[in-house]
Amino acid sequence: MSARQKIVGMLGGGQLGRMSALAGAPLGLVTHLYSPDAADPASQVTPHHMIAAYEDREALAKFASLVDVITYEFENIPVETVRYLETLKPVYPSSHVLAIAQERIAEKTAMNAYDLPTTRFAAARSGADVVSVMDSWGVNRCILKTTRFGYDGKGQTLVKSSADADSGFSKLKADIVIVEDVVDFSCEISVIVARDTYGQVGSYAPSLNVHKDHILHTSTVPAPLPRELLKEAQQLAETLAKKIDLVGVLGVEMFVTNSNGLLINEIAPRPHNSGHWTMDACACSQFEQHMRAVAGMPLGDFSRHSDAVMTNLLGEDILQVPALLKNPHAHVHDYGKAEAKPGRKMGHVTVISR
Ligand code: AMP
């Protein structure tokens with residue numbers, strides 16, 4: 001390894017790791033993967049892959065000895081794993097950021113402590129708790145979510161009346177749930193923000209996100225919303241990045257309420273599906289920003305040179321690739337996954353226009 005090059009250790013081997021590794025290569029960054037699955041899509045783009053469990057301390061120590069800095073590409077890595085690795089090598093984003101992002105009550109509590117807006121929420125340990133929260137708020141509907149490991153709408157249920165509270169609580173099969181006020185939103189947007197080790201912060205233009213069956217379907221930029229609102233969304237994300245001492249990239253999902261207010265719903269301390277459009281419509285992609293930031297390089301240019309619509313290719317949608325390629329403005333990304341299971345993120349396509 002030459003003095004110019006750095007080895008970035010990546011926990012996880014999914015498409016986000018794959019696109020990060022590809023973005024790091026021109027910068028002289030070599031990615032070493034660590035994940036339990038030899039068939040992970042990122043392993044097709046780097047020959048360095050340690051296949052071991054996230055709890056395997058011996059393997060983690062060996063991995064840490066091989067790399068200069070460590071990051072991760074999905075947020076369900078056990079926080080203890082990251083805390084342990086932090087004793088051996090720098091890990092970005094920190095275990096503090098990861099712990100906040102992994103638990104919805106901690107996440108919303110942290111947002112409110114930073115004066116960042118979220119929907120009203122409370123913890124509940126039984127159906128009776130849910131009813132007392134609803135009574136104290138004076139509402140007859142609420143959303144219950146598991147506090148951990150929820151993604152793509154999994155682990156959530158709408159409670160339509162107090163009479164549904166018990167069955168809603170039981171459905172989630174959890175000891176504790178988060179109760180949220182149902183947000184009357186006009187649309188959902190997200191901001192991808194990055195911060196480097198020198199404290200510089202930047203963010204991309206917010207994307208308008210449309211979900212199908214709770215899974216992201218399209219991200220459109222520019223989002224057709226007032227300029228001031230878009231600016232405010234970027235400011236919220238940038239404030240958050242500074243307050244939590246972020247190093248790396250963070251996706252911030254927000255609701256735009258019917259009265260054009262903003263509420264933060266969820267954060268993810270990694271490149272985000274709703275930021276894939278940056279690969280083809282910006283000077284420097286979210287993946288490059290992430291690799292730059294964790295490797296101690298300055299951030300690149302966040303500016304957008306094109307309008308973009310990113311569409312996820314789920315399951316057998318991937319079979320449309322030959323047809324999509326006929327459009328010269330369509331940028332196709334196939335994640336190289338062998339099996340096209342229904343709902344599985346197989347790739348995405350971004351159509352750009354100037
Ligand atoms: P989440 O798992 O929190 O990302 O939620 C998945 C989707 O459920 C969001 O993208 C929203 O469309 C919807 N949703 C989540 N929380 C709320 C809420 N408090 N009020 C209304 N809709 C919500």
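As the structure lists them, so they are numbered: ligands from 1, and atoms in each ligand from 1. The residues of the chain are indexed from 1 along the displayed sequence.
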Next on the checklist: Before we go on, tell me: are the rings of F287 and H276 under 6.0 Å apart, centre to centre?
Outcome noted: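 Yes: the rings meet the under 6.0 Å criterion.
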Checklist entry - Would one find more than 12 heavy atoms of other residues, nucleotides or ligands at under 6.0 Å from atom CD of E316? => result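 Not buried by this count: 12 neighbours or fewer within 6.0 Å.
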Checklist entry - Considering only heavy atoms, which of H211, K145, E180 lies nearest to atom 15 (C) of ligand 1? => result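 It is K145 that holds the nearest heavy atom.
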Checklist entry - Do any heavy atoms of N209 fall under 4.0 Å from ligand 1? => result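 So N209 does not count as touching ligand 1.
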For [X], atoms of ligand 1 separated by under 4.0 Å from a heavy atom:
X    : value
Q156 : 1 (P), 2 (O), 5 (O), 6 (C), 7 (C), 8 (O), 15 (C)
F185 : 12 (O), 21 (C), 22 (N)
H214 : 7 (C), 8 (O)
V182 : 20 (N)

Checklist entry - Do you know which two heavy atoms are closest between Y72 and P269, and how far apart they sit? => result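 The pair with the smallest heavy-atom distance is CE1-O, 3.7 Å.
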Checklist entry - Between E188 and ligand 1, is there a nitrogen or oxygen pair with a distance under 3.5 Å? => result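 Right, the criterion is met.
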N/O donor to acceptor pairs below 3.5 angstrom from side-chain atoms of residues 122-129, sequence neighbours left out:
{"unit_1": "S126", "atom_1": "OG", "unit_2": "A128", "atom_2": "N", "d": "3.4"}
{"unit_1": "S126", "atom_1": "OG", "unit_2": "D129", "atom_2": "N", "d": "3.0"}
{"unit_1": "D129", "atom_1": "OD2", "unit_2": "R125", "atom_2": "N", "d": "2.7"}

Next on the checklist: Checking side chain to side chain contact (heavy atoms under 4.5 Å, CB included) between Y204 and each of S303, S274, C282, S190, which is the one that passes?
Outcome noted: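 The option that passes is C282.
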Checklist entry - Just one of R18, Q44, K345, H348 clears the side chain to side chain donor-acceptor pair (under 3.5 Å) bar with Y335, so which one? => result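 For Y335, the side chain to side chain donor-acceptor pair (under 3.5 Å) test succeeds with only one of R18, Q44, K345, H348, which is H348.
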Checklist entry - What part of V183, side chain from CB on, backbone N/CA/C/O, both or neither, has a heavy atom under 4.0 Å from ligand 1? => result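 V183 to ligand 1: contacts from backbone and side chain alike.
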Checklist entry - Given that the side chain starts at C-beta and the backbone is N, CA, C, O, which of these parts of D181 lies under 4.0 Å from ligand 1, counting heavy atoms, or is it both or neither? => result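 Under 4.0 Å from ligand 1, D181 contributes backbone atoms alone.
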Item to check | Min side-chain heavy-atom separation V221-R304 under 4.5 Å | outcome: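 Answer yes - side chains close enough.
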